[in-house]
Structures are given as structure tokens and as C-alpha cells.
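Below you'll find the structure I mean.
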Amino acid sequence: MPGRFKVAICGAGISGLVAAVSLSKYDDIDVDIYEGASKLAEVGAGVGMFPRPWRILENIGVDEDLLRTTPVRPKTGPVPSWIYRKADGEEGIEFFTLTMQGSFIPLHRPTFQNVLVRHLPSHYKLHTSKRLTSYTQTPDGVIIHFEDGSTATCDVLLAADGLKSAARTQFLKELAEKATTTEKADKLLSCIDPVWSGLVTYRALIPAEKLRELSPDHRALEHEIQYMGKDGIVVGYPIMNGTVINFVAYVARFELEGTPYNGSWSQEVDVAEFASTFAHWEPEVQSLIQCVENPSRWAIHTVKPLETFVSGRVALLGDAAHAMTPNQGSGAGQAAEDAYIAAAVLGHPSTNKENSEKALHVYDAVRRPFAQDVVEKSRFAARISTLNWPEEISRTVDNLETMDLKLEALSRLAKKSREDWEWAWLTTLDDDVERANHMLLSF
Ligand SMILES: Cc1cc2nc3c(=O)[nH]c(=O)nc-3n(C[C@H](O)[C@H](O)[C@H](O)COP(=O)(O)OP(=O)(O)OC[C@H]3O[C@@H](n4cnc5c(N)ncnc54)[C@H](O)[C@@H]3O)c2cc1C
């Protein structure tokens, strides 16, 4: 028997798959997933979950399978997590340990996706090599156009096709056509292309054994650690049951934020491309860099703040809606939140095909302000960790004469970092779900 309505999800990344697993709670909604790639990625980097998004993974029942892939056990109460070191000198200065309420759960992205796929009900179809190029909205629903010339129809389209979202292009063109002034239309169209954040990251997975041989007591073998310095960060933490260290080095040129990035947005590079930037950093950083093989460079792009995540029966999710800098480790978490709330409003007993557009507006009202605030906080987090902000601290810390003064200045910086980040472990999504339910009842 056909369900209440038919949802198509374009993109089988974190947001698309969490949406699908979340929707599977409602057995009267038909779901098809269309993924542009011919198969899901088998290689990829680490991605961490803070307590707030982790609750979603518990709620949808994928947590136990995910925990089999990591040595970290979720705890409640105060949990020491990220270590901060000022590392851009011969000797590092350890100045802070971020204590969260609950654990940061490090995961390997392809493993994460595979676990989600395993939790899809057997009647859900995951169609691969189905790259959305555009869509058309009709009074009766949405027609999706794929690169291979085929089409599919649905009542609601959840566009989860990532940073370079083709759905977002169509979405913004559609809104621009309806705009009442040219200025408004131009503003909408200016959000189609992602913008460069001024950050470039170099990512690699390091075999833990290799690092242990070189540096048996290296902190990154056991801890999440941020080595910070002027215009750079090196991040390391164990994933895959501690067998692999997720490595990310950042180089910041914020004066270039918003300018076009010259070069490929992601490509394999030589270690030499970034090693010299960190050559004067402390020995622990050198050990990590020495262990890096086959790094890839990612120019970090973000999506400008959109006026809405919803147009008719189409909703943007995850990076398609609000790609952010990775400095609060929250892009995937926010993608999961979008997915969970979108599924909650669509699955609500009062939602049907006819009022699904209104339900999506509830998704927009609940999710957009929160996600866009996280985008902004992540932008500032990048500046804090690269000692670019707050200016009164970052400008002076190297000139302070005593270690006590340096530590005092750095602890003020750490306090700012913690205050901006606390939402990720001090708040839960429960209030948002409740608010969404309340809004749905006022239909
Ligand atoms: C260096 C770095 C570190 C990060 N660390 C963290 C972290 O620790 N924690 C965290 O929460 N986040 C982190 N993130 C962010 C996180 O990776 C992203 O925000 C998250 O993956 C977004 O998920 P998504 O599903 O929206 O998009 P994606 O994961 O990009 O998935 C999009 C999917 O859509 C498919 N697709 C693309 N175009 C089409 C199309 N036209 N039609 C159909 N399918 C299509 C793609 O193949 C892909 O499968 C990090 C990002 C970076 C760059």
C-alpha cells in the first residue's frame, strides 16, 4: 500500500543517510535515496560527534554499531577532551584542556556512512550513479532530473547533496525568479557558489603504530589535541579503535576570505607543500608531519547565509544549506540535526502530502537560525585557534615577558573558545523537537 507521501533524498552523505534512518521510524512514508557517486566512499577522514548530535545517533539506534568502531565510550558528566597547546615555537605551551559535559566521539567517515546504510530498512532503495542536475516543482510534487537523462518524482525532496549542491543552484534560481526586486534576486543568486573561507587544510590518516615508533608518548595517540599558532593549527586524534590518527593541518589567510580560491578545491599534494609552514613549530608537530603520507589539500569553502532552507516542497540539508569551517567539528553534527528535525516534521502525524510544505517551513524556522549561528561560531573558532582573535590577546601574547603572563592571556583565549563551543554539549535537540511539534500543531 502506498504511504502517506513519498520523500526523495538526494545525496547519501551524513545528512542524507541520517534523514533516511530517521524517516524509517515512520512506516507510512516512502523513501528513495539518490546518490551521485557510483558507490559510497571507502576512504576518507575522521569526523567527530559532540554530545548534542550524538544524542540523535542514539535516538535513531545507530550508536551501538558506531561504538564498535571507536575506543571512546560516551560518558556523562565532565569529560576532559581537547588539549590546547601553543605550538608555534621550539617549546610548546600547554594551556588548556577543554572539559565538556559528555564525550566527543571520533569516527571514521566511511565507516559512519556504512553503519547508517546498514540501518536502512530493506524496502528503502539507495540508487547510486544518480546525480541530480536539477528539479522542477509542479502543483503535484517534484520532478528530479538526473545527469543520466532519467527523472524521478516525489512529493518532498530533501536535498542533501553537499557543499557544491546542484539542488541549491536550482533552489536559489527558483527563489530569485519569484523575488520582487532585482536586488533581492541578485542577492539570492550570489549565494549559489560557495565562498572560500581563507583556510586551507591538509588531511591525512596516520597509522598509530608509525607515530608510536617515532614518538611513543605522543599525545595524539591518546588525546584530541589542537596545536595552535599564528595562522596555523595542527589537529590530531585517534580514530578506528586507536589504530589510526586523524591528522589535519590548517593554514589561514583570512585576508583572502571571500576571494576565489586559485586551484583545485581538493587534491592530493606533497607533504612538502605544508611542512615548511610548520617547520619552526614544536617537536610533537614535527613528529606528526613526519608520519604523514599522501595528504590531501582541501580549500575550505562555506555557504553564505541563506534566507531560507525551504522552497515549496524542497528543503536543503547539511552542507548544501550551511557548509561551515570545520573548527567547531560540527558540520556533520549540524547536518545530522537538520536530518533529524526534517524527519520529525515530515513524520509528525499531522503532516500529509498537502501540508508538507508547511511542515518544511517548521524545519526551516527551527533549524536555520541555529545552524547559521554555528557557522558563525565556527568562523570565529578558526580565528581563535590561529591566534587571530580576540585581537587584544593574539597580537600581544608573543611579546609578553613571563610565562605566567602568557598563560594568563592564553587562558582568556581558551575561555572564549569554550564559551562559544558549549552549545555542543550543554544543549540538546529536545527543545527544538518540542518547538517543532508545537508549531506543527498550530497548522
Ligand atoms: C577538515 C574537515 C574536518 C571536519 N571535521 C568534522 C568533525 O569533526 N565533525 C563534524 O561534525 N563535521 C566535520 N566536518 C564537516 C563535515 O564533514 C560535513 O559538514 C558533512 O560531511 C556534511 O554532510 P552532508 O551530508 O551535508 O554532505 P556530504 O557529506 O558532502 O555528502 C553529500 C553527498 O551527496 C552526494 N552528491 C553530491 N552531489 C550530488 C548530486 N548532484 N546528486 C546526488 N548526490 C550528490 C555526494 O557524493 C555525497 O555522498 C569536517 C570537514 C572538514 C573539511
Side-chain angles (χ1 to χ4, degrees), residues 8-20 32-41 44-50 52-54 56-57 82 104-110 112-113 116-117 126-135 144-148 152 157-170 194 197 199-204 224 226 233 235 237 239 246-250 265-266 295-303 309 316-339 342 371 374-375 378 381-382 424:
I9 298 172
C10 276
I14 306 295
S15 51
L17 291 172
V18 172
D32 279 287
I33 307 154
Y34 300 97
E35 164 58 42
S38 57
K39 55 180 180 169
L40 296 189
V47 61
M49 287 284 132
F50 284 95
R52 181 177 157 113
W54 181 255
I56 295 173
L57 303 175
W82 287 89
F104 173 78
I105 312 282
L107 300 166
H108 179 232
R109 178 195 302 270
F112 189 1
Q113 278 175 282
L116 290 166
V117 169
L126 170 53
H127 311 262
T128 50
S129 302
K130 284 288 174 191
R131 182 165 294 279
L132 174 151
T133 50
S134 185
Y135 64 80
I144 308 165
H145 307 274
F146 297 107
E147 199 174 53
D148 62 6
L157 168 61
L158 299 182
D161 53 344
L163 172 69
K164 295 182 185 170
S165 170
R168 185 178 62 242
T169 303
Q170 174 60 24
S197 63
L199 283 173
V200 169
T201 65
Y202 296 91
R203 307 171 79 176
E224 294 99 27
Q226 280 206 63
I233 318 167
V235 167
Y237 60 83
I239 57 171
N246 186 48
F247 169 92
V248 189
Y250 293 74
W265 290 12
S266 68
S296 52
R297 180 184 63 212
W298 296 66
I300 303 295
H301 284 72
T302 62
V303 171
F309 290 172
L316 302 179
L317 268 60
D319 277 8
H322 50 66
M324 60 189 74
T325 55
N327 304 80
Q328 284 202 337
S330 290
Q334 286 302 291
E337 292 196 22
D338 290 349
V374 177
V375 173
S378 300

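Counting begins at 1 with the first residue of the sequence. Numbering of ligands and ligand atoms starts at 1, following listing order.
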Self-check item: Stepwise ring pair (Phe, Tyr, Trp, His ring centres under 6.0 Å) check, F104 with Y237
Solution: CA-CA 11 Å; F104 173 78; Y237 60 83; 5.6 Å; yes
Quiz item: Can a donor-acceptor pair be found between the side chains of E147 and T133 at a distance below 3.5 Å?
Solution: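 Per modelled atom types, E147 and T133 side chains form no pair under 3.5 Å.
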Self-check item: Qualifying residues under salt bridge (charged side-chain N to carboxylate O under 4.0 Å, His left out), relative to R52, sequence neighbours excluded
Solution: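 Per chain and number, R52 pairs via salt bridge (charged side-chain N to carboxylate O under 4.0 Å, His left out) with E337, D432.
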Quiz item: Quick one: CG on L17 to CG on L126, what's the gap to the nearest 0.5 Å?
Solution: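 Rounded to the nearest 0.5 Å, the CG-CG separation comes out at 7.0 Å.
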Self-check item: Y34: partners by ring pair (Phe, Tyr, Trp, His ring centres under 6.0 Å), with sequence neighbours left out
Solution: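 Scan of Y34 (ring pair (Phe, Tyr, Trp, His ring centres under 6.0 Å), adjacent residues dropped) gives H127, F146.
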Contacts table for ligand 1: protein N or O within a distance under 3.5 Å of ligand N or O, distances only.
unit_1	atom_1	unit_2	atom_2	d
ligand 1	8 (O)	G48	N	2.9
ligand 1	9 (N)	G48	N	3.4
ligand 1	9 (N)	G48	O	2.9
ligand 1	9 (N)	G329	O	2.7
ligand 1	11 (O)	G329	O	3.1
ligand 1	11 (O)	G331	N	3.4
ligand 1	11 (O)	A332	N	2.8
ligand 1	11 (O)	G333	N	3.0
ligand 1	12 (N)	G331	N	3.2
ligand 1	12 (N)	A332	N	2.9
ligand 1	17 (O)	R109	NH1	3.3
ligand 1	17 (O)	R109	NH2	2.5
ligand 1	19 (O)	D319	OD1	2.7
ligand 1	19 (O)	D319	OD2	3.4
ligand 1	19 (O)	G331	O	3.4
ligand 1	19 (O)	A332	N	3.4
ligand 1	21 (O)	R109	NH1	2.7
ligand 1	25 (O)	I14	N	3.1
ligand 1	25 (O)	S15	N	2.9
ligand 1	25 (O)	S15	OG	2.8
ligand 1	26 (O)	S15	OG	3.1
ligand 1	26 (O)	D319	N	2.8
ligand 1	38 (N)	R131	NH1	3.3
ligand 1	38 (N)	D161	O	3.4
ligand 1	41 (N)	L132	O	3.0
ligand 1	42 (N)	L132	N	2.9
ligand 1	44 (N)	G36	N	3.0
ligand 1	47 (O)	E35	OE2	2.5
ligand 1	49 (O)	E35	OE1	2.7
ligand 1	49 (O)	E35	OE2	3.3

Self-check item: Under the salt bridge (charged side-chain N to carboxylate O under 4.0 Å, His left out) test, residues paired with E35 that sit two or more places apart
Solution: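 Per chain and number, E35 pairs via salt bridge (charged side-chain N to carboxylate O under 4.0 Å, His left out) with no residue.
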